[in-house]
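What follows is a set of notes on a single structure, which appears directly below.
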Amino acid sequence: MSGETITIKTPDGSFSGYLSKPESGAGPKPGIVVIQEIFGVNQVMRDLTDWYASQGYVALCPDLFWRIEPGIDITDKTEEEWKQAFDLFGKFDVEKGTADIAATIDTLRPMTSGKVGAVGYCLGGQLAYLTACHTSSDASVGYYGVNIQNRLDDAKGIKTPLMLHVAGKDEFVPPEAQEQIVSGLRDNAQVTIHRYPDMDHAFARPGGAHYDKKTADEANDRTIKFFQRHLG
């Protein structure tokens, strides 16, 4: 399965996205916006986008670092790339990124059955949460999102289902932050939280230092069932 690059337009300018479509079958398919980590739209994100397409979704991974530098595509394999990734993370404007996701959803929706969800990892995990709070996403899933504990006031905007995968030993989300997230969202009927007590950050990133196939498969299975339930 191979994707194509498309253009997403916003009032501030245009940026690219990697689009992957499922094998043609009966009727239009739902859509999923796949939200990047801090390494840009790299091979991991393109492979994930292709994987969601293989599950029957029109999947689109937007280049959210375009305002800093378009076309970032780095790995988690070298110290130099990690330094670049953290530099990009520091420069990234979360509010503008959320607005760019909203524009991506609007771009994707006409290509679909009408239902569009979002899934994100790491930085994208936080953005998936904010997508649930501030966009028209029909269902959102965040994997090991960072800084969510600082944005709990935004949760009042959640009107559609949200699932969060929380890594118990996340090096970027300490235990007290995890407890804040869980207690802050516990009473929201739209929110489902799954906790993986022995997992570190990025346990679902294939090829990553903390990748755990068994747990990643479990989380991904929950994600797909969640999207089947809420996107059709």
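These values consider heavy atoms only, across backbone and side chains, with no hydrogens, waters or symmetry-generated copies.
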Worksheet item: Yes or no on salt bridge (charged side-chain N to carboxylate O under 4.0 Å, His left out) for Asp12 and Lys96, after CA distance, side-chain angles and deciding distance?
Response: CA-CA 10 Å; Asp12 297 341; Lys96 285 182 176 170; 5.4 Å; no
On the 0 to 90° scale, with breaks at 30° and 60°, tag the [X]-[Y] ring pair as parallel, tilted or perpendicular.
X	Y	value
Tyr143	Phe203	tilted
Phe39	Trp82	perpendicular
His165	Tyr196	tilted

Under 3.5 Å: donor-acceptor pair, side chain of [X], backbone of [Y]:
X	Y	answer
Thr160	Ser137	yes
Glu37	Tyr121	no
Gln36	Met45	no
Glu4	Lys21	no
Arg46	Val41	yes
Asn42	Thr75	no

Could you state whether [X] and [Y] fall into the same hydrophobic cluster, counting links through intermediate Ile, Leu, Val, Met, Phe, Trp or Tyr residues with side-chain heavy atoms under 4.5 angstrom apart?
X	Y	answer
Val173	Leu162	yes
Leu164	Phe172	yes
Leu108	Ile8	yes
Val94	Tyr144	no
Leu127	Val191	yes

Using side-chain heavy atoms (C-beta onward) and a distance below 4.5 Å, is [X] in contact with [Y]?
X	Y	value
Thr112	Pro30	no
Trp66	Asp100	yes
Trp51	Ile224	yes
Val34	Tyr18	no
Leu123	Leu88	no
His210	Lys169	no
Leu231	Ile32	yes
Thr98	Tyr129	no

Worksheet item: Can Arg67 and Asp93 be counted as an ion pair, charged N to O under 4.0 angstrom?
Response: no
Worksheet item: Thinking salt bridges, do Asp87 and Lys83 make one under a 4.0 Å N-O criterion?
Response: no
Discussion item. Going by side chain to side chain contact (heavy atoms under 4.5 Å, CB included), Val58 matches just one of Pro28, Pro22, Ser113. Which one?
Written reply: Pro22
Would you say that more than 12 heavy atoms from the other residues, nucleotides or ligands in this model lie under 6.0 Å from the [atom1] of [X], or not?
X	atom1	answer
Lys91	NZ	no
Glu79	CD	no
Glu176	CD	yes

If every non-hydrogen atom of [X] is compared with every non-hydrogen atom of [Y], which pair is closest and at what distance?
X	Y	value
Phe92	Leu64	CE1-O, 3.3 Å
Pro62	Val33	CD-CG1, 3.8 Å
Thr5	Ser16	CG2-CB, 3.7 Å
Pro161	Asp138	CD-O, 3.5 Å
Arg109	Gly114	NH1-O, 2.7 Å
Ser14	Lys9	OG-CG, 3.5 Å

Enter the distance from [X]:[atom1] to [Y]:[atom2] here, rounded to the nearest 0.5 Å.
X	Y	atom1	atom2	answer
Glu80	Ile74	CD	CD1	9.5 Å
Glu81	Ile38	CD	CD1	11.0 Å
Thr135	Leu130	OG1	CG	9.5 Å
Lys29	Gln55	NZ	CD	13.0 Å
Ile35	Gln126	CD1	CD	10.5 Å
Thr215	Asp200	OG1	CG	12.0 Å

Worksheet item: Are Val119 and Leu48 close enough, and set up right, to give a side chain to side chain contact (heavy atoms under 4.5 Å, CB included), and what steps lead you there?
Response: CA-CA 10 Å; Val119 60; Leu48 274 168; over 6 Å; no
Discussion item. Using the rule given for side chain to side chain contact (heavy atoms under 4.5 Å, CB included), can you reason through His194 versus Met163, listing the C-alpha separation, both sets of side-chain angles and the distance that settles it, and then say yes or no?
Written reply: CA-CA 8 Å; His194 293 291; Met163 176 184 283; 3.6 Å; yes
Worksheet entry | Tyr52/Thr223 under side chain to side chain contact (heavy atoms under 4.5 Å, CB included): CA gap, chis, key distance, verdict | CA-CA 10 Å; Tyr52 281 105; Thr223 295; 3.8 Å; yes
Item to complete: Please identify each residue that fulfils salt bridge (charged side-chain N to carboxylate O under 4.0 Å, His left out) with Arg151, with sequence neighbours left out.
Response: Glu95, Asp154
Worksheet item: Please walk me through it: do Arg222 and Glu218 pass salt bridge (charged side-chain N to carboxylate O under 4.0 Å, His left out)?
Response: CA-CA 6 Å; Arg222 285 170 163 164; Glu218 180 186 0; 3.4 Å; yes
